[in-house]
Student: 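So that we are looking at the same thing, I have put the structure below in structure tokens.
Below, all heavy atoms of this structure are taken into account, side chains as well, without hydrogens, waters or symmetry copies.
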Amino acid sequence: MSPQIMTVLGPVDSSLIGHTQPHEHLLCDLSSASLGVQPPREELSATARSRMQTPITLENRYEIRKTILHNENLQLTDEITIADELTDYRSAGGSAIVDATPIGLGRDPEGLARLSRRSGVHIVMGAGYYSKGFHTPFVAAAAEDEITRRIVEDIVIGADGTPVKSGVIGEIGLGWPTDPDELKVLRAASRAQMQTGTPLLIHPGGSANAPATAVTESMTVGVRPDRIVMAHLDARFFEERSFLDFAELGTYLELDLFGRESSHSSMAADPRWPNDARRLYYVRKLIEAGHIERILISQDTAQKSDLRRFGGPGYGHIIKNVVPLMVRLGFSYEEIECITIENPRRALSIP
């Protein structure tokens, strides 16, 4: 019997899971905080605050995509729209998606279950908490072991009083420098990982030093590096050597911003953010260094402007555009299958 992957509709034999994108957002709401890349809202002009409320149109989509700070853009709450987007993903060849939306970002367990039934896509739900700006009051008040217990309950019993279980811990959000409450959550999540075997997905702070620092913290608690998925490496490292040095720690290596091509975005704190071809250059170098079995790729879809309905690439961008680009760049069928099917299966499987 193959290892199991816990989806929102229950455990699924991992051998039945095909193309998987291990870091997306389906139902989430990022509008309640500044994401650390925009001025505090109280410092914005009345014109800027008014602009945040306007509908997304062809005329303003690029500016919204660039500046990010726009209420409607940061809310993925319409199940009908997301179901349609997921149906397109499945038609393109998608099998499973990880919704990396933890508590505080609008996670909706029953909504995810409805989406899975409607679209036929296997959905894996996240547990735990994101970065400080999105923490619920519970996080500051709770002891570390209480947070661990809450995460374990989401995995073993069900989330938010529902029978829907989480299949990944995360994304656990960290800032830079890391807030003490964020460190508390990371340690609690690490202990939950050890208790359940569920993979730990970490969103590192915005520094090239942040990924290794987070891994060290989790390993100090006792987590094996091969149970850690380190997200957003393509937004933290901009030199080949940085990727190769970090890879020696033994975690899964997630390049998850495919489809984001603009160095003008306010999310790109460093204008060296790569395009998709450059991301694949880093993937090739990691393969050449012997790390192919730990590479994961995804899109981190989290805004309306990412969706096809609003002029974005949609969840199917990797299948429709990146995989053909990989073929053009000389990636073999076996390499593509390893990265898009075999590696996510292994990373998400629960012993």
Student: Ignoring hydrogens and geometry beyond distance, is a side-chain donor-acceptor pair present between Arg346 and Asn343 at under 3.5 Å?
Tutor: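 There is such a pair between these side chains.
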Student: Is it the case that atom CD in Glu293 sees more than 12 heavy atoms from other parts of the structure closer than 6.0 Å?
Tutor: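 Open.
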Student: We want to know whether Asp160 and Thr162 form a side-chain donor-acceptor pair, criterion being a heavy-atom distance below 3.5 angstrom.
Tutor: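 Not at all, the side chains of Asp160 and Thr162 share no donor-acceptor pair under 3.5 Å.
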Student: Counting C-beta onward and ignoring hydrogens, is there a side-chain heavy-atom pair between Leu26 and Thr101 closer than 4.5 Å?
Tutor: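 No. Closest side-chain heavy atoms not under 4.5 Å.
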Student: Using only heavy-atom distances, determine whether the side chains of Ser31 and Asn71 contain a donor-acceptor pair under 3.5 Å.
Tutor: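 Side chains of Ser31 and Asn71: no pair found under 3.5 Å.
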Student: Applying a strict under-4.5 Å side-chain criterion to I, L, V, M, F, W and Y, I'd like to know whether Ile341 and Ile287 cluster together.
Tutor: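 No, because Ile341 and Ile287 fall into different hydrophobic clusters, even though each may have its own neighbours under 4.5 Å.
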Student: Mark yes or no for whether Asn73, through its side chain, and Ser305, through its backbone, hold a donor-acceptor pair below 3.5 Å.
Tutor: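 Yes, Asn73 side chain to Ser305 backbone: donor-acceptor pair under 3.5 Å.
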Student: Side chains of Arg118 and Glu79: does their closest heavy-atom pair fall under 4.5 Å?
Tutor: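 Answer no - side chains too far apart.
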Student: Using side-chain heavy atoms (C-beta onward) and a distance below 4.5 Å, is Leu296 in contact with Pro344?
Tutor: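 Sidechains of Pro344 and Leu296: in contact.
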Student: Please state whether the rings of Phe243 and Tyr282 are parallel, tilted or perpendicular, taking 30° and 60° as the class boundaries.
Tutor: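 Parallel.
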Student: Just by distance, no angles: are the side chains of Gln21 and His317 close enough, under 3.5 Å, to form a donor-acceptor pair?
Tutor: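 Result is no, nothing qualifies.
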Student: For a 4.5 angstrom cut-off between non-hydrogen side-chain atoms, does Glu85 reach Leu76?
Tutor: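 No, every pair of side-chain atoms sits at 4.5 Å or beyond.
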Student: Should Val283 and Phe331 count as side-chain neighbours, where that means a heavy-atom distance under 4.5 Å?
Tutor: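 A side-chain contact exists here, since the closest heavy-atom pair is under 4.5 Å.
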Student: Under 4.0 Å between a Lys/Arg side-chain N and an Asp/Glu carboxylate O for Arg345 and Glu342?
Tutor: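 Salt bridge: no.
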Student: Test side-chain contact (heavy atoms from CB on, under 4.5 Å) on Leu112 and Val164 and set out the steps.
Tutor: CA-CA 9 Å; Leu112 292 177; Val164 182; 5.7 Å; no
Student: Whether the Glu182 and Ser131 side chains hold a donor-acceptor pair (N or O, under 3.5 Å, no angle test) is what I'd like checked.
Tutor: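 Result is no, nothing qualifies.
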Student: Do Phe134 and Val139 make a side-chain contact, defined as non-hydrogen atoms from C-beta onward lying under 4.5 Å apart?
Tutor: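 A side-chain contact is absent here, since even the closest heavy-atom pair is not under 4.5 Å.
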Student: Decide yes or no for Asn275 and Arg278: does some side-chain heavy atom of the first lie under 4.5 Å from some side-chain heavy atom of the second?
Tutor: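 Yes, side chains in contact.
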Student: Test side-chain contact (heavy atoms from CB on, under 4.5 Å) on Val229 and Val98; report intermediate values, then the result.
Tutor: CA-CA 12 Å; Val229 177; Val98 173; over 6 Å; no
Student: Do Ile157 and Lys165 make a side-chain contact, defined as non-hydrogen atoms from C-beta onward lying under 4.5 Å apart?
Tutor: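 The answer is no, as the side chains (C-beta and beyond) never meet within the 4.5 Å cut-off.
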Student: So, for Phe310 and Lys304, which heavy atoms are closest and what is the spacing to 0.1 Å?
Tutor: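 Scanning both residues, the minimum pair turns out to be CB-O, 3.2 Å.
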Student: Would a single hydrophobic cluster contain both Phe246 and Leu255, if residues Ile, Leu, Val, Met, Phe, Trp and Tyr are joined by side-chain heavy-atom contacts under 4.5 Å?
Tutor: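 As far as the 4.5 Å side-chain criterion goes, Phe246 and Leu255 are connected within one cluster.
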Student: Would Ile147 and Arg187 count as a side-chain contact (heavy atoms from CB on, under 4.5 Å) if you check the C-alpha gap in whole Å, the side-chain angles of each, and the deciding distance to 0.1 Å?
Tutor: CA-CA 9 Å; Ile147 297 174; Arg187 290 191 297 266; over 6 Å; no
Student: When you measure from the side chain of Ser190 to the backbone N and O of Leu186, does any donor-acceptor pair fall under 3.5 Å?
Tutor: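 A pair under 3.5 Å: yes.
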Student: Quick one: do Met194 and Val223 satisfy side-chain contact (heavy atoms from CB on, under 4.5 Å)? Show the steps, please.
Tutor: CA-CA 6 Å; Met194 294 173 64; Val223 179; 4.0 Å; yes
Student: Side-chain donor-acceptor pair under 3.5 Å between Arg191 and Thr148, yes or no?
Tutor: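 Checked: Arg191/Thr148 side chains show no N/O donor-acceptor pair below 3.5 Å.
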Student: Which distance, rounded to the nearest 0.5 Å, do you find between the NE2 of His122 and the CG of Leu348?
Tutor: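 One finds 12.0 Å between NE2 of His122 and CG of Leu348.
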Student: Check for me, please, whether Leu86 and Leu27 land in the same ILVMFWY cluster - side-chain distances under 4.5 Å, paths through other members count.
Tutor: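 Linked within one cluster.
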Student: Identify whether NZ of Lys or CZ of Arg in Arg279 sits under 6.0 Å from the centre of the six-membered ring of Phe258 and within 45° of that ring's axis.
Tutor: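 Yes; both conditions hold, so Arg279 lies above the ring face of Phe258.
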Student: If only atom types and distance count, is the side chain of Thr87 paired as donor or acceptor with the main-chain N or O of Ser119 below 3.5 Å?
Tutor: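 Not a single qualifying donor-acceptor pair exists.
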